[in-house]
Amino acid sequence: MCVKNTEEYILIKPKCNVEQLFREAKSNDTYLKICAPMVRYSRLEFRNLVRAYGTDLTFTSMIMADSFCQSEKARLNEFTTNKDDTPVVAQFAANNSVDFLSATEMVYPYVDGVDLNCGCPQRWAMQDGYGSALLKTPELIADMLSTVRRNLPGSFSVSVKVRLLQKPLGETIDMCRQLEACGISFITVHGRTPVQKTNIPVNKEALKEIKSSLSIPVVANGDIFSLRDADAMHCSTNCDGVMSARGILSNPALYAGFERTPLECIQQWLNITAQADTDITYQAMHHHLTFMAESLLTKEQRVMFNNLTKDKGRVYDFFREHFQLEPQPCSHPPKLVCTFDDEAYRKRARLRGSVGNACVDEYSCENRDGTFFQSKVGVLHDERSVEDVDFAECNLFGNDEI
């Protein structure tokens with residue numbers, strides 16, 4: 001399959017069948033090791049890094065579907081890929097079927113599946129009807145998933161990420177069964193309710209019950225900080241996959257069995273971020289190293305590293321001086337030039353406007369930024385913007401759990 005880009009054609013990445021990955025893992029009496037969608041951190045560069053250390057499936061950062069549909073700037077900022085970026089699932093935050101379907105159609109040529117975020121507990125998401133707020137309206141979740149499922153090829157993965165309801169477990173199971181009936185490929189369940197903090201252990205018994213009640217693959221999420229944790233989660237819940245967020249952010253080599261980030265992993269990250277083609281920001285590059293190197297640095301080194309001026313060269317100098325690590329040329333593939341066809345979204349948005357849907361603005365041909373870029377762009381650049389991760393804004397090496 002090819003897509004036209006001005007006067008040239010570029011080859012679209014071949015698809016990976018995510019459901020087949022689950023079947024193969026099960027036939028080998030094992031499970032898929034998955035890197036969670038983390039706002040600002042699950043970027044192309046980090047996805048390629050964790051794949052080198054045993055990660056079987058990666059997710060993009062959570063992308064606001066309305067902005068992805070309405071703004072070319074948002075699309076170019078929120079999604080990048082390359083030929084090695086597979087298998088990958090694009091996760092969207094959406095609160096209506098038109099946005100979710102349209103965003104899915106646009107990103108379809110470049111990913112192996114899409115996921116609907118119904119688990120983010122952050123206040124900014126919930127107040128606008130995204131993330132965990134959707135758990136109050138499972139019929140809306142089902143409508144969004146069903147709409148995408150019937151409009152995309154069956155081999156293309158469609159999934160959802162949820163949390164436990166603040167109700168008897170039976171109601172969470174009923175909701176999951178309702179979503180399973182939509183024809184989704186798999187479901188990810190975070191083992192806490194939206195109001196529970198990370199100091200509350202995940203409810204493995206609930207995850208086990210949910211898994212035993214469904215026929216589709218179930219991915220367990222929460223409290224995965226080592227390969228031992230992942231194995232224990234699989235053993236106790238019989239889940240088909242294990243998803244890590246905070247753990248893999250601190251140790252990208254977690255699934256390879258390393259107890260802490262090995263120097264070779266930091267070396268690889270330096271190589272990737274030094275490559276001319278990557279446009280990863282200083283802030284993102286520095287924050288990743290903050291998490292990765294925390295256990296390797298003394299208190300004085302942490303303070304020094306945290307206060308480096310915003311210059312990638314100073315970061316490379318720091319690791320050269322303290323760890324004798326020097327950025328090296330690497331084979332990190334160049335980014336794929338992505339083109340997105342928003343014609344279907346334009347038609348749907350005009351139709352919604354013509355029937356008086358007050359909840360959705362009619363699409364105009366102007367370069368609009370969408371609700372997300374208008375009101376939430378600052379949140380993306382706030383240090384607290386990792387899904388399911390709470391840590392101090394000004395003290396990345398503090399005692400708060402990340």
Side-chain angles (χ1 to χ4, degrees), residues 1 3 12 15 18-19 37 59-72 74-76 78-79 81 88-120 125 128-131 133-135 137-162 178-188 216 338-365 368-373:
M1 181 190 301
V3 62
I12 299 304
K15 289 284 187 288
V18 176
E19 290 186 63
F59 281 66
T60 67
S61 303
M62 182 181 73
I63 302 169
M64 303 301 294
D66 82 311
S67 293
F68 198 84
C69 291
Q70 296 181 30
S71 169
E72 182 69 14
R75 293 192 282 269
L76 296 176
E78 294 303 303
F79 179 78
T81 189
V88 61
V89 171
Q91 189 187 71
F92 289 105
N95 56 16
N96 65 82
S97 296
V98 169
D99 286 347
F100 188 38
L101 174 59
S102 300
T104 296
E105 289 175 335
M106 290 185 208
V107 81
Y108 168 78
Y110 307 103
V111 298
D112 304 298
V114 292
D115 186 81
L116 179 63
N117 185 304
C118 300
C120 181
D128 288 344
Y130 298 104
L134 289 167
L135 298 177
T137 55
E139 64 282 356
L140 174 57
I141 302 174
D143 179 68
M144 288 190 280
L145 293 173
S146 296
T147 299
V148 171
R149 178 69 289 165
R150 66 174 174 263
N151 281 280
L152 274 294
S155 58
F156 184 72
S157 179
V158 178
S159 59
V160 63
K161 186 173 187 285
V162 302
Q178 181 181 359
L179 303 183
E180 177 183 36
C182 298
I184 58 176
S185 306
F186 68 95
I187 186 169
T188 301
I216 58 173
C338 298
T339 60
F340 303 98
D341 183 359
D342 63 358
E343 182 179 357
Y345 175 72
R346 295 183 184 218
K347 292 180 180 178
R348 293 177 185 128
R350 284 195 293 268
L351 178 61
R352 285 193 301 181
S354 68
V355 298
N357 187 340
C359 296
V360 183
D361 295 330
E362 183 176 358
Y363 184 89
S364 74
C365 294
R368 298 180 49 183
D369 288 339
T371 302
F372 174 68
F373 263 62

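Along the sequence shown, residues carry numbers from 1.
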Enquirer: Could you walk me through whether S159 and T188 satisfy the side chain to side chain contact (heavy atoms under 4.5 Å, CB included) test, starting with their C-alpha distance in whole Å, then the side-chain angles of each, then the deciding distance to 0.1 Å, before giving a yes or no?
Expert: CA-CA 8 Å; S159 59; T188 301; 6.0 Å; no
Enquirer: Could you tell me which non-hydrogen atom of V162 sits nearest to which non-hydrogen atom of I187, and how far apart they are?
Expert: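 That would be CG2-CD1, 4.2 Å.
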Enquirer: If you look at every heavy atom in V88 and T60, which pair is closest and at what distance?
Expert: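 Heavy atoms of V88 and T60 come nearest at CG2-CG2, 4.1 Å.
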Enquirer: Check ring pair (Phe, Tyr, Trp, His ring centres under 6.0 Å) between F156 and all other residues, then give those that pass, not counting sequence neighbours.
Expert: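 If we apply the ring pair (Phe, Tyr, Trp, His ring centres under 6.0 Å) test to F156, skipping adjacent residues, the hits are Y108.
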Enquirer: Mind checking what makes ring pair (Phe, Tyr, Trp, His ring centres under 6.0 Å) contact with F186, not counting sequence neighbours?
Expert: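 For F186 the ring pair (Phe, Tyr, Trp, His ring centres under 6.0 Å) partners, ignoring immediate neighbours, are F22.
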Enquirer: Going by the rule side chain to side chain contact (heavy atoms under 4.5 Å, CB included), which residues pair with L76 if we only count those two or more places apart in sequence or in a different chain?
Expert: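 Only E72 meet the side chain to side chain contact (heavy atoms under 4.5 Å, CB included) criterion with L76.
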Enquirer: Side chains of F100 and T147: closer than 4.5 Å at any heavy-atom pair?
Expert: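 With C-beta onward as the side chain, the pair stays apart.
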Enquirer: Do M62 and Y130 have side-chain heavy atoms sitting under 4.5 Å apart?
Expert: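 Result no, sub-4.5 Å side-chain heavy-atom pair not found.
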Enquirer: Do you know which of V107, I63, D342 makes side-chain contact (heavy atoms from CB on, under 4.5 Å) with R75?
Expert: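 One option only clears the test, and that one is D342.
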Enquirer: According to salt bridge (Lys or Arg N to Asp or Glu O under 4.0 Å), who are the partners of E139, at least two apart in sequence or on a separate chain?
Expert: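 Not a single residue meets the salt bridge (Lys or Arg N to Asp or Glu O under 4.0 Å) criterion with E139.
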Enquirer: Side-chain contact test, heavy atoms from C-beta onward, threshold under 4.5 Å: evaluate it for S185 versus R149 and give yes or no.
Expert: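 Counting from C-beta outward, S185 and R149 do come under 4.5 Å.
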Enquirer: Any side-chain heavy atom of L116 within less than 4.5 Å of one from L145?
Expert: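 Yes, their side chains come closer than 4.5 Å.
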Enquirer: Using the ring pair (Phe, Tyr, Trp, His ring centres under 6.0 Å) criterion, which residues pair with F92? Sequence neighbours excluded.
Expert: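 Only F68 meet the ring pair (Phe, Tyr, Trp, His ring centres under 6.0 Å) criterion with F92.
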Enquirer: Please collect all salt bridge (charged side-chain N to carboxylate O under 4.0 Å, His left out) contacts where either partner lies in residues 100-120, sequence neighbours excluded, each pair once.
Expert: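 Residue pairs passing salt bridge (charged side-chain N to carboxylate O under 4.0 Å, His left out), neighbours aside: E105-R348.
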Enquirer: About how many Å separate OG of S61 and CD of E78, when rounded to the nearest 0.5 Å?
Expert: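 Output value for this atom pair is 7.0 Å.
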Enquirer: Which heavy-atom pair separates G129 from N95 by the least distance, and what is that distance?
Expert: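 So the two residues come closest at O-CB, 3.4 Å.
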